[in-house]
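By convention in this document, chain letters (A, B, ...) are assigned in the order of the sequence lines, proteins followed by strands, and residues within each chain are numbered from 1.
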Amino acid sequence: MRPTLAELENPITLIHHSVRSRDVTKDVTAPIFRAPNLTWWGGLLISLLMLMSMWLTFAVQMCEGIGILGLNKPVMWGSYITNFVFWIGIGHAGTLISAILFLFRQRWRTSINRSAEAMTIFAVATAGLFPLIHTGRPWLDFWLFPYPNDRGPLWPQFRSPLMWDVFAISTYGTTSVIFWYLGLIPDFATVRDRCTNKFQRMAYSLAAFGWRGTAKDWNHYERAYAQFAWISTPLVLSVHSTVSFDFAVAKVPGWHTTIFPPYFVAGAIFGGFGMVVFLLAPMRSMLKLEKYITINHLELCNKIILATSMIVGYAYTMEFVAAWFSESPWERNQFIYRMTGGHAWVFWTMFLCNVVSPQFFWSKRVRRSLMAMFIISIFVNIGMWFERANIFMLSLERDHITANWRMWVGTKFDWIVVVGSFGWFMFLFLLFCRTMPTVAIAEIKAVLSDPAGTGSGDHGGHGSHGHGSDAGKESPAHG
Amino acid sequence: MTKHLWTDLAQTAGSRQADRRDEFGPEVEAAIAELRARHGLDDGPNAAPVADPGDPRLVDTLRSTLRDMVPGVNRRGFLQLTGASAVFGLAGCWHQDPDTIVPYREQPEGTTLGKPVWWSSVLRDSGRPLPVTVKTYDGRPIKLEGNPDDPHGRGRLDARTQAALLNLYDPDRAQTGPLRKQGGAALATLSWDDLDKLVGEALKTGNVGLITGPIDGPASRQLIEDLVGAFGGRLKHAAFEAFAQDTAIEARRLCFGPNAAKPPVYHAERAAVMLCLGSDFIGGGHTGLYEAVGFGEQRKLQGVGAKAEMGQLICFEPMLSQTGMSADVRVRARMSEMAGIAWAIAAEVADKLGKGRKLPAGAVPGTFAGTVVVGTKEVETTDDHGHASKRRENIQQSAITFAAEQLVAANKAGKTSLVYVGGATHGGANSLALYVAANYLNALLGNEGVTVETASVPASAIPASAEATLAVLGSCETLIIAGANPAYSLPGAAAALKKAKLVVVLADRVDETFAAASTAVLAPSLHGLESWGDAEPRAGVFAVQQPCIAPLWDARAAEESLMAFVVAGGFAPKHFQQTKASGPDPRQVAVVTRTLLWQAAAKGVQSWRGYVLAAWLKTVKPASGSPADERTFWNSALARGVVTAAVTAKPVAVGFDDAAVDKAKAELPASGGFELVLSASRSLHDGAWANNAWLQELPDPVSKVTWDNYVSASPADFAAIIAALGVDPDRQGYDTPYKNPLARLKVGTAEVLLPVHFQEGQQPGTLEVFFGWGRAAGQVCTGAGAGEASDTERLGVNAFDLLGQGRQAWGRVAKLEAANGNRYRLAVTQGRNLLEGMESGPEGKVTRSEAIAPDDVLSEHRKDARHLLRGHAHEPLNATGTDGQPHGSRQGGNLSMWHGAHIYPGRRWGMVIDLNSCTGCGACIVACSAENNVPVVGRDQVRIGREMHWMRIDRYFSSGDDDRQGNERQFLDVEAVSQPMVCQQCLNAPCEEVCPATATMHNEEGINVQVYNRCIGTRYCSNNCPYKVRRFNFYEYSKYRTGPQNSGDPFNRIAKNLVTEHTTSGREELTRAPLAMMLNPAVTVRSKGVMEKCNFCVQRTRDVRETEKASGKPYADGSVTTACAQTCPTAAITFGDINDPYSAVSQTALAALHGFKVLDKDLNTRPSVLYTRRVRNRPLRADDTVVDAKAH
């Protein structure tokens, strides 16, 4: 029974009241057992082509050297580092949704946390490529890890922010994967139990780790989940702060600023929610999950986008104020250059996409319009990429000694990799859509208003009266 | 700890093996014995008794033994194999080709493995000889340095002679022996004997023309005289050089009589005031290293405080020249005005000197409106609101009066001055009037015979002459061209060569002269480092050229070829007979016993070496007054390379002949277009060495353009050109992906397409194009490194084609038309940066220049040397400036996260760079490239800012014009500073903190070193380096000769190369033999993906320690220096131990009150490099005082 549009848009409905427990299992696991449609195959093919061209570029780069990119003397970090920070930022929304919103008992998270977490994992997987491949000799990247070696023994230099990155990202990646997987275990068991194909069952049995759904299982599960939420929560703040140290610690005018950690985190959450909306808006209809991922959920995401957009807007402004206030000629020149120099379009693209375009979300109609939010989410993603480019490349273009000033000009390989990284991400996400429950089945069942189909209880889930209805209004403040 | 662990493991392994041997010992031995017996190997009488071969026990033992020895596929073996394959797989990732090392069977006498051997020799740059010392490893020259025994060069070397090393190893040299060309037929090889026979026959009849480069040196001159004598007048000789000084000599003949008709020698070091009239003393042509050394002395600031003194340099010029950049006062003027200016100055000087002096009758002083600021005054102004305010304004004075006053003041103070006219721009007859005027001025001021003289011209010199060369070329059937290339650089020569019956070219490659002739043979000649010869750079300074390496290819010294031809023709010149004194030289025999080569001894003729030796014993030994015997004299001459003799001729003042003025009337060019000036390239000079990639990639000191020829236009004219193209001038910013407009330059009937370069300081209405490009003599100069294949993609055009028959380097009218829509991107290493080019709010220009390259005016410097340097600390160069130490005037204290700086108790290396004497010539860049195996990256890579020069010279302009927004005037009257930028070796090195791999760190002598094999290439260090002195190997640059080709499109290139060459780099772009022989074995060759940078020639400073250990003597200051400091012609760089308060570098730093460290006051990087700022010996201007007021 498909809900009517009016029902879906009813602001006080978390999950449509007609949804029963058995529907959840059926609806969510359906895509796993259904043959994929042409849209999915088309998307997979396109993203495959994109990612293959990226890997081919990596191969050429290995043969030839990193000179195939548009790097030059002052601008030694270009599109790769931009991609890296961009994708790391994308991951943040997932952790925020799954950990922080969990701890704050934001029950609306249950519909979107699974896909947001998956997005985190894939974003980290994408981001992780770039620090590794951007080095001049990627085959020696393992030297960045401290292990007993025969090179002296030579330890990495722990004063380098790049070393902090190594730990921040590997911690973040590991924790995210475990947290994500932990949530998946009961759902894998559900899928396993519905499998008719022998091999499929075998695979999901392995994945489910022998989950039986006993009280003891659930007890362990709930405890572990909460603990991982606690572990993940500081990571939301720490990872991007650490990443921002790569820049804040350096002497480059435009990098050398203390505002970076909070600014990067806000930007990350902003960009991450942009990506959540960008993915969920089409996914919910593609996988027919409108009952679970309702327009209310997306509206809440949009509110967070609006809030964080204003935070980053504030940060952009503060950078200028700080540059003016610093009386450092280099800082001042840097920010004048950003607005008026040869790459001013990068700055203005960033500004329009990140600060201006989300302002449309003040309108409720826009907030609840699928097409509008999809378009704005694309702008947010573009804006966030250019925000990174703006910080990294433009700062390096104008550093202390005027004789060194030079602009970064990307080559076709830069752009192939930028596009290819999206292909890589989309490829993984498309595979995820067809092989794993895209909505947390077990958690959803806990927030159904009428799980057994008795016809009672239109308002919220059991045991949390009114909470679900408030969530929509209050959650941005928590975010 | 790890080492310990390894030792333990080895012990464990060892003991286990020993156990096993014990356990299986008897069986194994038995098995071996059995095997030996089967194969009939007898151990002799003591052999162990052979066991029964059929014994089953033995077979089992053997099997188990073998199993022990062959790794089977058990778990452990599998893991071992996997590990090994992973390791070998990784090892495959290294792009290192195996090389064969052939060790000595017997160590050659006098060599120590790994230690260089130094030889002395002499090399020629466009005919001018320079004594050099040659550093060789295992018989390979790897570095050239000046000869410290040379009294004029003082151990320094210029950029082109530094780069001469690369010419030796140039793969484009003729490698296959003599070549013959007849009519339209393809080139054919022939043997040396056939060649000699062929040329000998041709010499028997008809007129023979011999064109050489300029000749000096007793033996060289004697050889020419012998040849001329042997032919009985049938052989005509002319020396040719692209910038032959015909006009200068003619002017001297007219002014001072025939005895003075020689190319003059200049002594800038003796001039208190130097006046350059449209001529580039440093970069432009006739002057070389010796003049640069003197110039450096003239520019040097002597004395401190109120006693500070320095020479003054006044330039009148249309284009911004290297000398103009160094000038204290620079006045823009057209070339056609120059003679008038000279006479106007002369008139004022004569007037001021009084004593009834008058200008010669025919002299016409020109009217010239240019002014010079001579001071400031305070004026009251009222603004729109009626508020009165005081403001300083410039006082202007006629530039002519100013120059005259300065010259007269020097004269009255009993000092001499120098009025310089000369160089490539003044080769044509239309400069005669200017030369005469300059001669008059020099004579008037008493400079003739002091700062300008001919007494130092060597007696053995045969100066070059274009006129004589043309005459010889036009009148002889057989032409021998040795060491000259007239077809390229002499208009009209190509036609004469075409008519000749036979042209014999003695050159190291197929050149334009060979190509121009219809019938020609090429006798490949040797590089100067492979052959004997001699030179006399200045009167009384004799230098011997000795080979430092066996000839690389099948080639013969040019002199030897000449001798062979003459002998083959049946002539017997005077000094050719073999004498006892010149017995066969074993080394020479080794060289010439290659079967095809001509052997002098076989013909009863003495070898060229013997010839040199005999001539030296005859001429130089008596002149030097050496009491030694012949062998000792010769050996010491070879060892020192230079023999000096007392000069008998003393400079004398000569009288000026007023009649000269009438004979030298200048023809002013017709108006109606641009005035074109053709100048010598400051890097390639006349293009003789255009195939030298080091020189091609050396940024021009003024324009910073590499690899290409271009036409310089003044800012206004440039704006007009791009406006004609429909390009918004504002978008042509200096750091946008900038493409120069292409324009058609029409001069007479010649028309060339050239990119237009925006040249600050250039007089509107004038254009400048450089000689030296457009050659076709190798892969480098024909554009092998070209990135975009198109018809516009070539290395410039030959500007000699624009000279016309009269060889007028200026005075030709040119038209410049924008070529529709086409653009060309010049490879520029530095854009258009004004010193105060940063708009940063109210204080605007001050902060910028103060932090990077501040300059000062002499009068202010005398009052207060630290004027404007308030934020910069004046402290010992080795001061660490930590919290615990007093830090004087350091602004902002020493805020630091780290408490206590590292102290270097032993030596700590440091450097002082004097911006006053730096002329930006780039000799240091080439020296550094040679010393440190710095690769050439090619035009494409320079375009995108990836040049690898460890040392670069930043060039900044500042402008007195306050109106800096969108006004071309700000770019006209510019002052320039050249700032050599090396790694500053910061004590608080920003690069070190951010490297995750510990690949950059300080060594115990305070040098920030780069450990290449630790570097993984994160490039973070470069981002964090405020000086951006780090260089990254984006590609395997060391593999390429002119940069990776088509680096913009690697897909296609890799695909193509993989198919044809099974490698990712094509054969044509790989650096292989013999270029690899040039590498300095003491310095690692860097691979791709690795960061590199200046490390103060760490290989040299490490040598100090070894020498100390070996000799037991402590290091003496000055016994080691960096390649850049060593070569600097103007001695702008001082290097040494800054912990030693008595070292030259510490003393210089301490005395330099006007020293500053770049960015130190703002970033607290604590560099070990101190700059002493540029001081200009000119009157104060209003903006100088304004700057002063703002700084406080």
(request) Please determine if B/Glu992 and A/Arg159 form a salt bridge, counting it only when a charged side-chain N lies under 4.0 Å from a carboxylate O. (result) no
Please look at [X] and chain B and tell me whether the side chain, the backbone, both or neither of the residue comes under 4.5 angstrom of a heavy atom of that chain.
| X | result |
| --- | --- |
| A/Leu154 | side chain |
| A/Ile66 | both |
| A/Phe245 | backbone |

Kindly compute the distance separating [atom1] ([X]) from [atom2] ([Y]), expressed to the nearest 0.5 Å.
| X | Y | atom1 | atom2 | value |
| --- | --- | --- | --- | --- |
| A/Arg137 | B/Ile1016 | CZ | CD1 | 8.5 Å |
| A/Trp143 | B/Thr998 | CH2 | OG1 | 11.0 Å |
| B/Ile944 | A/Thr411 | CD1 | OG1 | 8.5 Å |
| A/His400 | B/Leu1163 | NE2 | CG | 4.0 Å |

Could you go through residues 253-262 of chain A and list every donor-acceptor pair under 3.5 Å that involves a side-chain atom there, pairing it with any protein atom two or more places apart or in another chain?
from, atom 1, to, atom 2, distance (Å)
A/Trp255, NE1, A/Ile391, O, 2.9
A/His256, ND1, A/Ala250, O, 2.8
A/Thr257, OG1, A/Ile259, N, 3.3

(request) Using the side-chain contact (heavy atoms from CB on, under 4.5 Å) rule, take B/Arg1030 and A/Met76 through it: C-alpha gap first, then chi angles, then the decisive distance, then the call. (result) CA-CA 10 Å; B/Arg1030 297 182 148 262; A/Met76 287 275 180; over 6 Å; no
(request) For residues A/Leu162 and B/Pro996, report the shortest heavy-atom separation together with the two atoms involved. (result) CD1-CG, 3.8 Å
(message) Looking at every non-hydrogen atom in both residues, tell me the closest pair between B/Asn1024 and A/Val252 and how far apart they are.
(response) OD1-N, 4.3 Å
(request) Please test A/Lys73 against B/Thr829 for side-chain contact (heavy atoms from CB on, under 4.5 Å), starting from the C-alpha separation and ending with a verdict. (result) CA-CA 10 Å; A/Lys73 188 172 62 187; B/Thr829 59; 5.9 Å; no
(message) Less than 4.5 Å to any heavy atom of chain A: does that hold for the side chain of B/Met981, its backbone, both, or neither?
(response) side chain
(request) Under 4.5 Å heavy-atom distance to chain A, tell me which part of B/Val942 shows up: side chain, backbone, both or neither. (result) backbone
(message) For a 4.5 angstrom cut-off between non-hydrogen side-chain atoms, does A/Ile401 reach B/Tyr956?
(response) yes
(message) Please enumerate all residues that pass side chain to side chain donor-acceptor pair (under 3.5 Å) together with A/Trp87, with sequence neighbours excluded.
(response) A/Ser421
(request) Verify the distance criterion only: is there a donor paired with an acceptor across the side chains of A/Asn404 and B/Arg952 at less than 3.5 Å? (result) yes
(message) Please rank A/Val75, A/Leu56, A/Asp246, A/Val166 by heavy-atom pairs under 4.5 Å with chain B and give me the top one.
(response) A/Asp246
(request) Taking B/Ser1022 for its side chain and A/Pro74 for its backbone only, find out whether a donor-acceptor pair lies under 3.5 Å. (result) no
